Amino acid sequence: MKAIRIPGGLSFRAEPRALAVVCGLAVLALAGGVVLIGTGDFSIAPADVMSSLLGSGTPAQDFIINELRLPRVLVALLVGASLGISGALFQSISRNPLGSPDVIGFGQGSSVGALTVIVFFQGGAVAVSFGALVGGLATGVAVYLLAWKKGVHGYRLVLVGIGAAAMLTAGIHYLLTKSTLVDATRAMVWLTGSLDGRDWAQVRPLFVLFVVLLPVVLGYGRSLRMLEMGDDAAYALGVPVQRTRTVLMLSAVLLNASATAAAGPISFVALTAPQLARRLTRATGPNILASACMGAALLVVADWAAQRLFGESTLPVGVLTGMVGGVYLLWLLVTERRAGRI
């Protein structure tokens, strides 16, 4: 642990290895974003992409980059970072590597909210996003209250969440059976999780919410580290346990719901990003910044792979993350079973 001082008399402590990992992942995510911007039917070299972003590109390149491709990449970065932080918070609060929003029902809750708007109200993109946000928040509140018994225990939260996920998945199937062919097609496209067609309308609210919630989450980082030692130890160290848990869970639900509203249910990024970040940093605690950068890098790389590795047919990014994440989940379950934790 090393103390770092900044102008104004402020200082913070950081692990040198963790700091190097965060910087490396941030560079990887941004470099991947530049490459992704240049990917498409009209390929643009990374140097030309940088020139255009700095205001020195041709009119044609400026239009393609700034109006068509840059919003998609910014959504990918923000969605990946939001999911990474959300997963880190839930896994830290539950003290369980399976405590991920897409495992314990929050992603399914957002999907039910979005499909309700599509099927019963034929709402537009803004209404669908609002429905996903409301559905995720409602699910978060319900799971928290159902898991409450003189506090929220980690395994109880996971078990209640898995039950909620099963019920909400049944609700998704029910909504699909009640929809018309047009609405069902639209719903299935949304449920795959995709970055296609994303524009500045998705970037702005996602960016504002991320900028507001990130300082809140970082401000509770020390208290969250204490919570990982157990409620009794956290109480003894002066941490307001229930207030801290409530604020962080609300922040995690909002981040996950906003990401789902912007891009659909992108599965397994919230599950894998915090675990990969922790293995790279080898540091205790939630690794919030590392998880955010890892989530952003994962989603950008996955979107590039979905566009380039399958010939002429491009895949929605949610399909690729689902395939890779499913393999990771099986590996995680085997590892946890061998360790005697499940």
Side-chain angles (χ1 to χ4, degrees), residues 74-94 99-114 116-117 125-148 152 157 160-161 164-165 168 190 193 198 201-221 223-224 227 242-271 273-274 286-289 291-296 299:
L74 290 177
V75 169
L77 291 170
L78 289 168
V79 167
S82 297
L83 292 176
I85 294 174
S86 179
L89 291 176
F90 276 116
Q91 290 176 19
S92 186
I93 290 171
S94 64
S100 171
D102 43 12
V103 174
I104 59 177
F106 298 108
Q108 291 86 342
S110 295
S111 297
V112 169
T116 300
V117 173
V126 175
V128 171
S129 297
F130 180 74
L133 190 62
V134 172
L137 283 172
T139 302
V141 172
V143 169
Y144 186 82
L145 292 178
L146 289 172
W148 178 274
V152 177
L157 177 68
V160 171
L168 291 166
W190 190 88
R198 296 305 181 264
Q202 283 84 32
V203 174
R204 295 186 185 97
L206 192 60
F207 176 76
V208 169
L209 193 61
F210 183 83
V211 169
V212 169
L213 291 178
L214 181 60
V216 174
V217 172
L218 292 176
Y220 276 88
S223 298
L224 183 58
L227 277 179
Q242 297 308 327
R243 186 182 71 186
T244 298
R245 185 179 285 122
T246 301
V247 170
L248 291 176
M249 281 194 65
L250 178 61
S251 299
V253 169
L254 282 171
L255 286 168
N256 182 75
S258 64
T260 305
I266 307 291
S267 56
F268 291 112
V269 173
L271 176 69
N287 290 284
I288 293 169
L289 287 178
S291 298
C293 294
M294 176 63 78
L299 196 53

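Since the model is a prediction, treat every value here as computed from it, not as a measurement.
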[atom2] on [Y] to [atom1] on [X], rounded to 0.5 Å:
{"X": "Leu83", "Y": "Ser258", "atom1": "CG", "atom2": "OG", "answer": "8.0 Å"}
{"X": "Leu218", "Y": "Leu289", "atom1": "CG", "atom2": "CG", "answer": "5.0 Å"}
{"X": "Ser129", "Y": "Leu206", "atom1": "OG", "atom2": "CG", "answer": "10.0 Å"}
{"X": "Ser92", "Y": "Ile288", "atom1": "OG", "atom2": "CD1", "answer": "7.5 Å"}
{"X": "Phe210", "Y": "Leu77", "atom1": "CZ", "atom2": "CG", "answer": "10.0 Å"}

Return the minimal non-hydrogen interatomic distance between [X] and [Y], and the atom names on each side.
{"X": "Gly84", "Y": "Ala273", "result": "CA-CB, 4.1 Å"}
{"X": "Ala165", "Y": "Gln108", "result": "CB-NE2, 3.7 Å"}
{"X": "Arg204", "Y": "Ala201", "result": "NH1-N, 4.0 Å"}
{"X": "Leu168", "Y": "Gly105", "result": "CD1-O, 3.4 Å"}
{"X": "Ala257", "Y": "Leu133", "result": "CB-CD1, 3.6 Å"}
{"X": "Val269", "Y": "Ile266", "result": "CG2-CG2, 3.8 Å"}

Point to revise | Qualifying residue, where the test is side-chain contact (heavy atoms from CB on, under 4.5 Å) with Pro101 and the options are Pro265, Ser267, Ser86 | key: Ser86
Exercise for review: Give me the one residue out of Leu145, Thr139, Val141 that meets side-chain contact (heavy atoms from CB on, under 4.5 Å) with Val143.
Suggested key: Thr139
Are [X] and [Y] close enough that some pair of their side-chain heavy atoms sits under 4.5 Å apart?
{"X": "Leu224", "Y": "Val217", "answer": "no"}
{"X": "Leu271", "Y": "Gln91", "answer": "yes"}
{"X": "Tyr144", "Y": "Thr246", "answer": "yes"}

Review point. Do any N or O atoms from the side chain of Arg245 and from the backbone of Ile93 form a donor-acceptor pair under 3.5 angstrom?
Key: no
Name the atoms and distances for all side-chain donor-acceptor pairs under 3.5 Å in residues 248-256, with sequence neighbours left out.
residue, atom, partner, partner atom, Å
Ser251, OG, Val247, O, 2.9

**Study point:** Phe207: partners by side chain to side chain contact (heavy atoms under 4.5 Å, CB included), with sequence neighbours left out
**Key:** Leu78, Val211
Practice item. Return the set of residues passing side chain to side chain contact (heavy atoms under 4.5 Å, CB included) with Ala132 (not counting sequence neighbours), or none when no residue passes. Key: Ser110, Ala114, Trp190, Ala261
